[in-house]
Amino acid sequence: MTVHRQWIEGATIHGSVVQAQEIHHLHLAERRPLYGVEAFPAERPAIPAAYVREQPARLLDARYALVDFTGRREELSRLTGWRDELDRVSVLLLHGPGGQGKSRLAAQFARLSGAAGWSVLQARHASDAVPFPVRPETEPATGTPGVLMVADYAERWPTDDLMELLLDAVRQGGRIRVLLVARPRGTWWQHLVKRLGDFDIPVLDLPLPGLSDDADATPDALFRTARDCFAATLDVADVAAVTPPDRLADDPEYRQVLAVHMAALAAVDAHRRGTPVPEGAAAVSAYLLSRERAHWETLHRNGRVRITPGAFGQAVYAAALTGALGHSEAVRALTRIGVGTTEHTDQVLKDHALSYPSPGGATVLEPLYPDRLAEDFLALSAAGHGTDGFEPDPWSLDAPGRLLDGTPLSCERRVMATLVAAAARWPHVRESQLEVLLSGQPRLGVAAGGATLAALSEMDGIDPAVLEAVEAYLPPGRHADLAPGAAALAQRLIGHRLQRTPDLAGQARLLNDLAQRQYHAGLTEEALRSGQRAVAIGQGTAVDPGAVREPSFAAVMADVGVYHAKQDEPAEALAATGQAVHLLRGLALAHPHRYDDSLALALSNYAADLAATGQWRSALVTAREAADRARGLARGPVGDPAGTAHWATLAAALANLAICLAHEGSRVAACDAAEEAVEIQRGLAAVDPHAFEPTLARALLNLSSRTAHVSRHEESGTAAGEAVELLRRLVGINPAGYQEELAVALSQHAERLLTLGRRTEACHALTESVTVRRRTAADDPAHQPGLIASLEKLGLELTRTNEHGRAGPVWDEALELRRGRAERGGEPEIVPLAGLLNTIAWLGFAQRRDLPGSLAAAREATGLLWRFVGLQGELPPGLAESVDIQARVLAALERTDEAVEVLRRLAKLRTEQLAPVLPPGPPGEQEGTLAR
């Protein structure tokens, strides 16, 4: 069926529960409203002064844009540059911490774009509080430069619905820009970027820095601007008497725009009421929250609510923790937390909603906004805050514990995230509530999720004993969601643990545990450093260097070998793993059966390291031994927890055996081994996906390579595609741990798609690979060769499909990176640069496009290579090809004499058939991914 989804002011866009795979074809399982389209307001909405005099904090709502916009010139310039680029469709995420001024910046940019002639719209999700207005649909404007769509609070949208909004951008026609506004980008954004890559939609992000990085918006200037605007809204005269607080320039709390606006609002309101102006960020929050409390008292005194002001505050406290909930879940939350009132819970919810209505009425317990104010309310409700003007409520001390005691609520993660955020800024919350809560229920630290666990680990002053109690609840091994938090936790505790562990062998074990956590989080360099510290300690504990050392030292050496391999240090990896195998063989002889699994796993890794150093015959023998040993240990069903380690070792050994067999020419046997490895990994992942989805993805990539070599191309493409989907999900959870693997998988998937003739999909995969590798190379220059390889492959395919407008910038980026490496690396990097220039020149010649450009590239390549003639007693690689291409292009330009001249210099070595080949990709993209 045909679905019309045109962005028209006043329209409600409907969609389906099922997301389609192709942009222009939707398969609707269920029709439902997705989002509404409205014109972005050219003017801010009016707000009656009388309405906010009782609750002045409402003036902080970014929708009212009460404070005149100042500063952010650099960000506005970057947004304008993005808007005016030539791409037909592009998406940008504007992100930063709460209170940084994102919504105001987006509104300012929207209004400037409208003034520049753009049609500016905003999208509101169907679950948004405000009902969609009923108004006639307005036809889109014609003759505009394009359409800018703004979606604030993008992180609150369901990912599938946000994806449909962005795909609708492609369907509109014309130039479309979508500006998403959200708090710091998280897993939702990583996941979205991967999905957008499938549709070749350019994606950018713009972090919003704090005030200290914006010379045009000092705290003093922001205060005065906000003061004047708030005073005008509240009808306050003589505002010049309200001066910035003395600590404004020095207090770190005032580095955020919101904190400065809060100070200005409190000062203006205090001046209006003739009360002392609060000094300091904490006192400002206390003042504004006291005004909220006074409002509750007025409501109760006037008979508009039935619950007492104390009970009202307790309901507000609960809402600050839980966030908005459905009615039944809110009843459970209030029942658990125990609001001090004889009124029915329904009445509590109704009275609370009178002051804090939920947008749209679909939920209850709408929290205080902005989030910072809600966190401050939690802190000021607990004794020990040391701030005058806000009496704590003893009821609050155990409130989080009561709320979280029992069957987990749907809001459990939100509660812990909010409590941790408040405790990070308020020490008494950490001491009297958070630490007490986690000491009694340490599982909550893990249940909070990886991001909150990391924030907890980095919190100043947190009791190490509390962190150790939380750590005991972490699952063993790799867990995709928890890995970053687990690594941060181990790093925070290592100093404390080393100090209390005089035993050197114990210190080595602690450092090895830290290294494993860091490795699982993708922090390979840090893992290697920790592992090397453990090795140094272990080496110092052996009295007799020839004696069999403690078993843990063999484990340390085996792990260090893996870290070296991940850092692309094959020789070091081989030495470490070889030593581990040697030690474990001795231990296995001395203690039969006790170390069989450790030896089998070390042998599997040793086979991978032998293969990586070109010792394929020895690698095959070692891989066979590893698989045989592991098969003898793996008994019972794959999903049985008692046998998980043995089955995992067998799967890794089979994966490496498959690669070694393929290299020796036994391709059918290699397929059999790879298929068995995938079958085992599927069984393991079905029971524990967090631990085994990463290894399943690697096994699938190996199977893809093996089946491709026996011309089972459909199976090969399917396996690579499944690996890509798994790794996209893993990158969304832990980007540092899986981005490079995703890039490799995307490149391999593209090769399989090309074999199947699906060139457009292959270009999408290569584009996503480039996007991922730009990020990894920006974080670590060691990943730059992978980025160059992806750029070269993408440039080649775009050129072959005659998409020269897109291919040009890709080739330019690859050349820029190659030239930079050539300047720093000498001949080893100059030869690949010449190879790339030859490829560009050949493609231009073969397609008879831009022959002068092809000649320039060929001449540059020839010039680079001629300088090495005679230095090593042989011609440098690629010189003959370079000269031949140059001669062919000259002949095509009818400059025959010049062509003959360049050929004369190299006539004896001219190749009969010219086939320039791109430099090989990074390790792992040819033979397969070795399993470790």
Side-chain angles (χ1 to χ4, degrees), residues 747 766 770 773-774 777 781 784-872 874-893 895 898-899 901-907 909-922:
S747 182
L766 289 171
V770 166
R773 278 183 158 152
R774 283 189 183 121
Q784 199 176 79
L787 171 59
I788 295 171
S790 291
L791 286 165
E792 290 171 342
K793 290 176 182 177
L794 177 59
L796 182 61
E797 294 311 318
L798 290 173
T799 302
R800 284 173 173 168
T801 55
N802 294 317
E803 296 187 60
H804 302 294
R806 292 179 57 202
V810 172
W811 289 125
D812 290 344
E813 184 178 355
L815 279 172
E816 182 180 357
L817 291 171
R818 283 273 185 220
R819 287 189 174 113
R821 295 181 69 84
E823 290 175 2
R824 298 185 298 272
E827 182 178 0
E829 297 292 346
I830 289 176
V831 171
L833 170 59
L836 174 57
L837 288 163
N838 278 341
T839 298
I840 294 171
W842 174 255
L843 289 170
F845 165 74
Q847 295 184 339
R848 294 302 191 269
R849 290 188 69 259
D850 188 21
L851 290 177
S854 294
L855 179 60
R859 278 179 166 168
E860 183 181 354
T862 304
L864 289 169
L865 296 173
W866 268 115
R867 70 180 71 175
F868 298 113
V869 171
L871 293 182
Q872 299 176 347
E874 59 183 14
L875 289 173
L879 179 57
E881 290 88 345
S882 229
V883 171
D884 192 88
I885 294 171
Q886 187 177 348
R888 290 175 185 243
V889 177
L890 286 167
L893 290 169
R895 294 160 64 175
E898 295 175 66
E901 177 60 29
V902 296
L903 284 173
R904 185 176 294 122
R905 299 179 66 187
L906 212 62
L909 296 176
R910 183 172 184 270
T911 54
E912 292 296 327
Q913 305 231 337
L914 179 63
V917 179
L918 289 175

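Just so it is clear, the structure is predicted and the values come from calculations on it, not from any experiment. These numbers come from the heavy atoms of this one structure, side chains and all, not from hydrogens, waters or symmetry mates.
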**Gly844 versus Leu851, closest heavy-atom pair with distance** = O-CD2, 4.1 Å
**Item:** Results of side chain to side chain contact (heavy atoms under 4.5 Å, CB included) for Glu823 - residues two or more places apart only
**Value:** none
**Arg774: side chain to side chain donor-acceptor pair (under 3.5 Å) partners, not counting sequence neighbours** = Glu813
**Asked** Which pair of non-hydrogen atoms, one from Ala814 and one from Glu792, has the smallest distance, and what is that distance?
**Response** CB-CG, 4.3 Å
**Complete:** Rounded to the nearest 0.5 angstrom, the OG1-CD1 distance for Thr839 and Ile885 is 7.5 Å
**Asked** Which atoms form the tightest heavy-atom contact between Gln847 and Arg800, and what is the distance?
**Response** NE2-CA, 4.1 Å
**Request:** Could you pull out all residues at least two apart from Ala861 that satisfy side chain to side chain contact (heavy atoms under 4.5 Å, CB included)?
**Result:** Ala834, Leu837, Asn838, Ser882
**Request:** Can you measure from CG (Leu815) to CD1 (Ile788) and round to the nearest 0.5 angstrom?
**Result:** 10.0 Å
**Message:** I'd like to know if the side chain of Glu797 reaches the main chain of Leu766, judged simply by a donor and an acceptor atom lying under 3.5 Å from each other, with no hydrogens or angles considered.
**Reply:** no
**Message:** Looking at every non-hydrogen atom in both residues, tell me the closest pair between Trp842 and Arg888 and how far apart they are.
**Reply:** CZ3-CD, 3.7 Å
**Message:** For Glu829, is there any backbone N or O sitting under 3.5 Å from a side-chain donor or acceptor partner on Arg821?
**Reply:** no
**Fill in**
Closest heavy-atom pair, Val889 versus Ser854, reported as atoms and distance to 0.1 Å, is CG2-CB, 4.1 Å
**Partner set under side chain to side chain contact (heavy atoms under 4.5 Å, CB included) for Val810, not counting sequence neighbours** = Leu791, Leu794, Leu798
**Request:** Measure the spacing between CD of Gln886 and CD of Glu860 and express it to the nearest 0.5 Å.
**Result:** 11.5 Å
**Request:** List for me each residue that meets salt bridge (charged side-chain N to carboxylate O under 4.0 Å, His left out) alongside Glu898, sequence neighbours excluded, and say none if there are none.
**Result:** Arg859, Arg895
**Complete:** Sorted by chain and residue number, the side chain to side chain contact (heavy atoms under 4.5 Å, CB included) partners of Ala856 (sequence neighbours excluded) come out as none
**Message:** Please give me the minimum heavy-atom distance between Lys793 and Ser747, naming the atom from each residue.
**Reply:** NZ-OG, 3.0 Å
**Message:** Between Leu787 and Pro785, is there a side-chain heavy-atom distance shorter than 4.5 Å?
**Reply:** no
**Request:** Supply the atom-to-atom distance Ile830 CD1 to Arg819 CZ, rounded to the nearest 0.5 angstrom.
**Result:** 12.0 Å
